[in-house]
Amino acid sequence: MKKILYILSIAFAGTYFAACHSLDLAPLNVIQDKDVFNSEAGVTAYMATLYRALPIEDFFYKPEGSGFGRDWQQFYHPGALCGELCGPYGGTGDGAQGFGYWPYDNIRTVNYLLENLPANAKNFDQTKVNGWLGEAYFCRAYFYFAMAKRYGGIPIIKQVQNYPAQSIEDLQVHRDKEEDVWKFIGSDLDSAYLLMPETSVRGRANRYVAAALKSRAMLYAGCIAKYGSVNYVAGDARNQGLVGIPAADANGFFQQAFDAAKLLEGKYDLYKKGYPDKVKNYVDAFLDPSSVENILVKDYSLTTNTAHSWDATMTCRYMTADGLSRAYPTMELVERFGGALPLTNADGTPRRFNTTAELMQGLQPRLLATIYFPGATLRGRTFDVQRGIYKHFTGTAAAELGTNPPNAQDRILSGSTAQLYPENDPNGIRVIGFTGVWTGGDELTRTGFYVRKYVDYNRDQSACGLYMSTQSWIDMRYGEVLLNRAEAAMELGNKTDATASINLLRDRAGAPAANEATITIDTVRNERLIELAFEKHTWWDLRRWRIADKLLDNTKYHALLPYYVYDEKKYIFLREVEPYQRSYTFDKKWYYEPIPGGELGKNPNLYPNNPNY
Amino acid sequence: MKKTASIFLGLSLLAMMACTKTDNLAGPDSGFQGNLVDATAGGKSNVLTETGGMQIKLEELSWSATPTPQYIPSKPDGTFEDSQLFKGHYRVTPYGGAFWPVDPIELDINGMTSHDFTITPYAHITGLTWQLDTTTLTMNFKIDPPVKTGLPQIIDVRSYINVDKYVGAGATISQYTDGSLDGSEQIRCFESINADWNETMATKTFTLKIRNLKRGRTYYARVGVRFNDSFKSSNLSEIFQVDVK
């Protein structure tokens with residue numbers, strides 16, 4: 001009995017006391033602060049999680065649904081909500097209310113670094129520490145910018161919140177005023193600029209990246225102040241300043257945007273390596289990884305499983321290995337480059353062309369480099385676009401597009417490239433082209449055009465599958481900074497500076513120079529819409545200028561549709577409403593997205609929601 | 001085999017039994033109805049609107065201070081009714097139409113509850129005349145805003161036409177509403193204004209035309225004036241019937 005008691009007490013003491021020691025160890029499978037903040041590799045890894053989470057609206061980005069996720073369907077492009085593209089969206093409302101973006105977890109990651117890195121600063125050279133802190137400020141500004149442009153005023157959280165140390169009531173923060181959020185973004189970017197060095201490794205921020213972002217963000221704030229105080233939706237959130245900025249503060253923001261953009265002068269430049277061929281040069285500006293124009297890029301690779309599907313989903317299967325396309329540039333966008341295309345003669349009859357490619361003669365190099373026209377070539381194949389055949393065609397284009405088209409009975413369309421005219425004649429001519437326009441679905445062009453920007457023409461067709469494209473996304477480039485500068489300068493009344501910036505771009509684009517005497521804010525805005533086409537800026541630009549509800553007011557977009565005139569053996573082009581005849585309307589309340597419902601449920605202090613939600 | 005079958009039978013019986021308990025909450029047995037009365041017509045007539053042209057916003061305050069609102073759309077005759085509401089205390093607001101904003105009121109909805117709202121539309125369409133010339137419909141009218149100070153900017157005047165009586169900005173045949181078919185200024189079914197109210201507009205007679213109506217059809221038409229307020233909503237005329245022979 002005694003023996004058993006001894007054994008039991010020894011066993012008890014042995015396990016119980018010994019256990020205390022080993023259980024006091026920090027868990028080995030959780031990375032500790034000392035591992036992260038004591039070594040350069042640790043901080044770099046910590047930074048990588050931040051950069052990975054940055055809301056860069058890249059190839060993958062969709063304005064709704066999976067948002068910043070990795071969906072293959074890159075034709076769900078925000079440009080398809082607002083007239084840049086005719087795409088899969090049925091209307092503007094399909095993507096106008098966002099996907100509940102709410103990155104306070106990422107902001108916490110930044111705040112945690114800002115609080116804990118200085119305590120470990122003795123391990124490093126002070127310049128390095130400053131650089132990292134600067135990057136953290138830059139990332140925080142980036143997150144807040146992405147929210148401010150969606151929701152207006154949101155809570156500003158500068159410290160790490162702790163639960164249960166802080167009560168739920170303390171954590172249920174209130175929204176800050178929209179103006180304060182934009183000022184906070186500006187001040188974070190100022191901190192970032194002061195702390196960071198002049199250069200950085202690829203894909204990470206330096207002081208000029210912060211300045212470029214500041215020029216973009218402050219331009220947004222200035223426009224919201226200036227135009228949002230005229231065109232707005234009334235409601236409690238507006239009365240409390242949670243959305244909207246006093247008009248009097250507009251110029252202060254514009255001045256900050258201008259000053260920030262000016263900081264980059266001489267540090268970056270427009271890409272001109274491919275001169276004198278201005279078309280090739282402009283195409284390569286988006287594909288050459290060594291471009292001096294790139295300020296911040298996001299890279300992709302097959303080995304890290306991050307590759308995207310731009311090539312496979314922006315042109316049709318005729319040129320690719322997999323996937324399909326569903327978004328096509330509109331005629332309205334094409335006409336922004338240099339006015340109406342020369343489709344008709346002076347008497348109103350359609351011009352006759354020997355080949356569809358003839359239309360491209362004399363067009364602006366930047367236009368041809370941004371959009372594939374009928375007759376252009378890619379990977380050895382021609383964009384064979386033909387809407388149908390007219391057995392013969394008489395009269396004007398306008399009459400044919402009116403309510404009683406005189407040639408309608410002579411027009412043949414088809415849903416298949418196999419259909420010939422005359423039917424059953426082995427020498428017949430195909431009714432439609434291999435790349436559209438058919439009467440079937442929307443996997444071939446609806447507008448006659450395809451996107452060219454960012455399409456990698458050097459890539460073999462067999463390498464153009466889903467998740468196989470690796471060209472970098474250029475999140476910020478010097479071209480945009482020049483446009484930010486020109487727009488801010490125009491808003492401040494400095495036409496000389498605005499004209500000079502615009503003309504740098506126009507020279508590179510192969511477009512006629514702008515004239516200081518005639519330049520207006522619309523000149524600058526139009527330049528922005530074409531220079532940054534498909535770069536996912538237009539949706540935000542039309543919103544911040546508060547003109548989206550005017551441009552998108554039951555609006556239909558147009559197509560360039562080539563027909564073969566059988567008896568003349570010539571081509572004509574008609575400017576028709578795109579075949580789906582979709583109409584786009586922007587509801588004014590969409591100038592702000594609603595605060596996500598789940599967040600409102602967790603925190604009643606986020607009320608009032610934005611007007612009319 | 002038999003054993004498995006009986007186990008399955010037993011399980012499915014159990015599963016079905018689980019559903020038999022009824023909840024003890026009252027169903028949506030209350031309702032809310034009423035009129036949107038035009039304040040400027042001596043309280044005698046309703047505001048001319050269309051299906052969903054205005055809404056009654058309901059916020060049930062019984063459970064939460066920040067409820068998710070629900071809406072009752074208006075009917076074309078300026079009435080509204082929802083017979084499937086829960087009994088409770090609500091904040092209600094006429095909302096989303098071309099009328100001067102009014103303050104919300106709070107009331108208890110219990111059984112079928114009635115309440116009329118008196119609202120002042122931005123404008124009336126007056127002196128509407130129309131004539132049909134074979135297949136072209138011409139409409140003449142004036143705009144008369146009861147309150148002129150602070151009136152939102154006028155975007156445009158537009159004609160609306162449909163093959164049934166539900167016609168308005170949200171129910172129209174687009175090719176007859178969206179544009180001048182041959183690009184000329186004389187023949188058009190809308191007129192852009194984009195200006196604040198001025199005295200020239202008070203005396204002006206607006207003329208809109210719809211061309212190429214299909215023969216042998218009966219159409220219903222009306223005109224509207226659209227304001228650049230928070231909703232870009234329209235005041236509409238009465239509806240008239242057009243028989244195209």
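Labels below follow one simple rule: chain letters A, B, ... track the order of the sequence lines, proteins then strands, and each chain is numbered from 1.
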(message) Just verifying a value: how many Å separate Tyr613(A) OH and Thr68(B) OG1, rounded to the nearest 0.5 Å?
(response) 14.5 Å

(message) Working to the nearest 0.5 angstrom, can you tell me the gap between Thr172(B) OG1 and Asn554(A) CG?
(response) 9.5 Å

(message) Please classify the contact of Ala398(A) with chain B as side chain, backbone, both or neither, using a heavy-atom distance under 4.5 Å.
(response)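 Contact with chain B: none, neither part.
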
(message) Need one label for Asn609(A): side chain, backbone, both or neither, based on atoms under 4.5 Å from any heavy atom in chain B.
(response)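 It is neither, since no heavy atom gets under 4.5 Å.
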
Take atom [atom1] of [X] as the centre, draw a 6.0 Å sphere, and report whether it contains more than 12 heavy atoms from other residues, nucleotides or ligands.
X	atom1	result
Tyr166(B)	OH	no
Phe80(B)	CZ	yes
Lys177(A)	NZ	no
Asp103(B)	CG	no

(message) Just to verify, what does Lys87(B) make a salt bridge (charged side-chain N to carboxylate O under 4.0 Å, His left out) with, not counting sequence neighbours?
(response)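 In terms of salt bridge (charged side-chain N to carboxylate O under 4.0 Å, His left out), with neighbours along the sequence ignored, Lys87(B) is linked to no residue.
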
(message) For a quick test of reading the model, state the closest non-hydrogen atom pair linking Asn612(A) to Tyr95(B) and the distance between them.
(response)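 Closest heavy-atom pair between Asn612(A) and Tyr95(B): OD1-OH, 3.0 Å.
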
(request) Identify the two heavy atoms, one from Ser230(B) and one from Ala234(A), that lie closest to each other, and give their separation to 0.1 Å. (result) OG-N, 2.9 Å

(message) Tell me whether Lys232(B) contacts the main-chain N or O of Asp549(A) through its side chain, where contact means a donor paired with an acceptor under 3.5 Å.
(response)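 Pair found, side chain donor or acceptor close to backbone of Asp549(A).
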
(message) Are the side chains of Asp553(A) and Arg226(B) in contact, using a 4.5 Å heavy-atom criterion?
(response) yes

(message) Less than 4.5 Å apart, side chain to side chain, heavy atoms only: is that true for Asn228(B) and Lys588(A)?
(response)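 Asn228(B) vs Lys588(A): side chains touch.
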
(request) Would you please say whether a donor-acceptor pair under 3.5 Å links the side chains of Asn194(B) and Lys550(A)? (result)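 No, no side-chain donor-acceptor contact under 3.5 Å.
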
